[in-house]
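A note on names: the letters A, B, ... follow the listed sequences, proteins ahead of strands, and every chain is numbered from 1.
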Number of protein chains: 2
Amino acid sequence: MAINSLMEDFSSLDTSSLVDKVEAKLVQLLKDQKLNVGDSIPKELELAERLGVSRTVIREALLRLRVMGLIESKKKKGAVITSPDIFGIISKSVNPHVLDQATLKEMFELRLILEIGMADFIFQRISPADIKELKKIVSKEPDATQDYLFNIDHEIAFHGKLYEITGNETLKKFQRMLLPVFDYVHHSGLLKKQVSIKRYVSHKGLVDIIENGSPEMFRNAMRNHLENHFSRLFE
Amino acid sequence: MAINSLMEDFSSLDTSSLVDKVEAKLVQLLKDQKLNVGDSIPKELELAERLGVSRTVIREALLRLRVMGLIESKKKKGAVITSPDIFGIISKSVNPHVLDQATLKEMFELRLILEIGMADFIFQRISPADIKELKKIVSKEPDATQDYLFNIDHEIAFHGKLYEITGNETLKKFQRMLLPVFDYVHHSGLLKKQVSIKRYVSHKGLVDIIENGSPEMFRNAMRNHLENHFSRLFE
DNA sequence: TTATGCATTATGTATGACATAATAAAAATA
DNA sequence: TATTTTTATTATGTCATACATAATGCATAA
């Protein structure tokens with residue numbers, strides 16, 4: 001055999017473990033649409049027999065699917081296919097302490113991107129009740145002389161409400177995932193010190209724009225509102 | 001005992017399995033910062049002994065951490081703590097076929113939010129080489145008479161490049177995760193039919209703005225560029 | 001008809017054994 | 001002595017078996 005084809009054989013050598021293969025096989029089973037949400041998959045022993053591996057391996061593969069949120073297994077009923085709550089799953093494993101600094105900084109940035117980008121969805125889906133609630137929140141807004149660091153709760157209440165208005169649950173979950181990270185990055189020495197803690201467009205200003213303005217105006221205002229954060233990133 | 005406190009006792013009944021507890025215990029171990037990235041955790045048998053459970057349970061708990069990307073285990077060295085590549089992990093489990101329609105639609109929306117919101121990062125971090133590459137990509141842009149459905153590749157190349165310019169790897173991974181979803185939603189009957197396939201701001205137009213304009217202008221232009229998608233969501 | 005209890009069944013847990021791969025120690029070779 | 005080869009050790013990977021536990025459905029009794 002020529003050395004080239006030999007090397008090809010090497011490179012294509014299957015280094016994956018047994019469990020890997022079984023996992024792939026099971027995932028493919030789901031992909032093939034043969035199984036829909038709510039359907040139950042074969043019992044562990046049956047799978048073990050059909051795939052010719054031990055129950056241990058099957059269990060481990062199934063466990064992976066379970067951690068990924070693809071299935072749920074009940075005591076007697078066996079395992080049933082579920083629609084995975086992705087961000088629910090990850091938020092569990094997102095732990096600022098175990099993420100490297102670069103990633104943390106990037107997730108910090110991600111929040112800024114989201115809040116500027118979601119303008120259209122706010123304007124499209126906001127209700128009078130939402131505006132009322134926003135006004136109630138900003139009525140308690142601390143005045144401009146205070147550092148917002150002291151007002152985390154108010155920040156979360158206001159911005160959280162904005163996410164809620166978009167009506168996008170996935171987005172909301174994403175925010176919940178980002179929240180502890182944002183807080184962590186804020187307090188860690190990861191970013192530059194905040195030189196000037198100016199207050200730009202206030203929460204009240206944002207609400208005014210939501211009520212009387214346009215998505216364009218909102219994006220610019222939000223960008224301005226977040227200037228304190230941007231300056232720590234860019235300067 | 002009063003019925004109320006009795007019920008409280010019931011509600012606080014610990015329904016979690018052994019593995020759940022062990023998992024929680026291990027995760028807390030990591031959180032406590034006693035262990036940093038690169039450190040190795042005790043051997044399975046040692047853990048089993050110390051926690052008073054079987055090796056089976058330990059293995060399953062460790063496996064969960066591994067799926068979540070918190071640890072990696074090597075044959076002899078035992079398990080070592082790793083910095084999880086969150087989005088790398090989930091993109092593996094994000095499978096349009098197993099996600100429910102509501103979630104799919106929301107992820108579709110998420111892309112629109114990101115691309116409008118990331119303007120500032122593009123302008124802040126773009127290099128002359130990037131602009132050159134963008135121009136090269138748009139030089140092959142299909143003319144306005146064609147439906148962009150026929151030009152998915154070009155779409156991905158252009159928009160992918162924009163993500164790349166932001167220099168935010170997490171964002172990029174996030175996009176890679178969203179990509180198959182976006183494609184899927186597009187082709188499924190999930191959204192309204194596209195009534196008018198107009199061409200708004202073109203890719204070339206976006207590049208012009210990147211070169212000569214401002215983040216504000218870019219956001220508005222991108223919003224316009226994505227109008228076809230928005231109209232399918234809003235109308 | 002409605003509880004109650006019982007048998008069944010599939011997952012959860014425990015145990016012991018061996019396979020495999022990575023490492024370190026020991027031995028052999030130059 | 002330095003370097004390579006062999007061997008032993010060790011921790012994870014896989015297998016097999018047994019029993020525990022909880023959920024389900026059926027049968028039985030009130």
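- Formation of a donor-acceptor pair under 3.5 Å by the B:Arg125 side chain with backbone atoms of B:Gly167 is not found in this model.
- Taking every side-chain heavy atom of B:Leu18 into account, C:dT13 is the closest of D:dT14, C:dT13, D:dT12.
- Set against C:dA14, D:dT12, C:dT11, the side chain of A:Glu44 has C:dT11 as its closest nucleotide.
- The side chain of A:Ser73 has C:dG12 as its nearest neighbour among D:dC15, C:dG12, C:dA21.
- By the 6.0 Å contact criterion, CD on B:Gln124 is enclosed, its count of non-hydrogen atoms from other residues, nucleotides or ligands being greater than 12.
- Spacing between atom CD of A:Glu60 and atom C1' of D:dG13 amounts to 8 Å, rounded to whole angstrom units.
- Of the listed nucleotides (C:dA14, C:dA22, D:dC15), C:dA22 has the atom at the smallest distance from the side chain of B:Lys75.
- In this structure, B:Lys74 places its NZ atom 19 Å from P of C:dT20, rounding to the nearest Å.
- Using a 4.0 Å cut-off between a side-chain N of Lys or Arg and a carboxylate O of Asp or Glu, B:Asp153 and B:Lys140 do not qualify as a salt bridge.
- A:Ser54 contributes no side-chain N or O that forms a donor-acceptor pair with the base of D:dA16 under 3.5 Å.
- One interatomic measurement links the two molecules: CG of A:Leu51 to P of D:dT14, which rounds to 14 Å at whole-angstrom precision.
- Here A:Lys77 lies out of heavy-atom contact (under 4.0 Å) with every strand.
- No salt bridge links A:Arg66 with A:Glu60; every basic N to acidic carboxylate O contact stays at or beyond 4.0 Å.
- In this structure, the CD atom of A:Glu23 is 14 Å from the P atom of D:dG13, given to the nearest Å.
- Closest contact between the side chain of A:Lys43 and the listed nucleotides D:dC15, D:dT14, C:dA10 involves C:dA10.
- Distances shown here put every side-chain N or O of B:Arg59 at or beyond 4.0 Å from the OP1 or OP2 atom of D:dT12.
- A:Glu133 and A:Lys161 are joined by a salt bridge, as a carboxylate oxygen and a charged side-chain nitrogen come within less than 4.0 angstrom of each other.
- At a cut-off of 3.5 angstrom, the base of D:dG13 holds at least one donor-acceptor pair with the side chain of B:Arg55.
- Summarising the geometry, the separation between CG on A:Leu45 and P on D:dA16 is reported as 11 Å, rounded to the nearest angstrom.
- The interatomic distance linking B:Leu62 (CG) with D:dA11 (C1') rounds to 12 Å, in whole Å.
- Counting to the nearest Å, the C1' atom of D:dT12 and the CG atom of B:Leu63 are 13 Å from each other.
- Atom CD in B:Glu49 sits about 15 Å away from atom C1' in D:dA11, given to the nearest Å.
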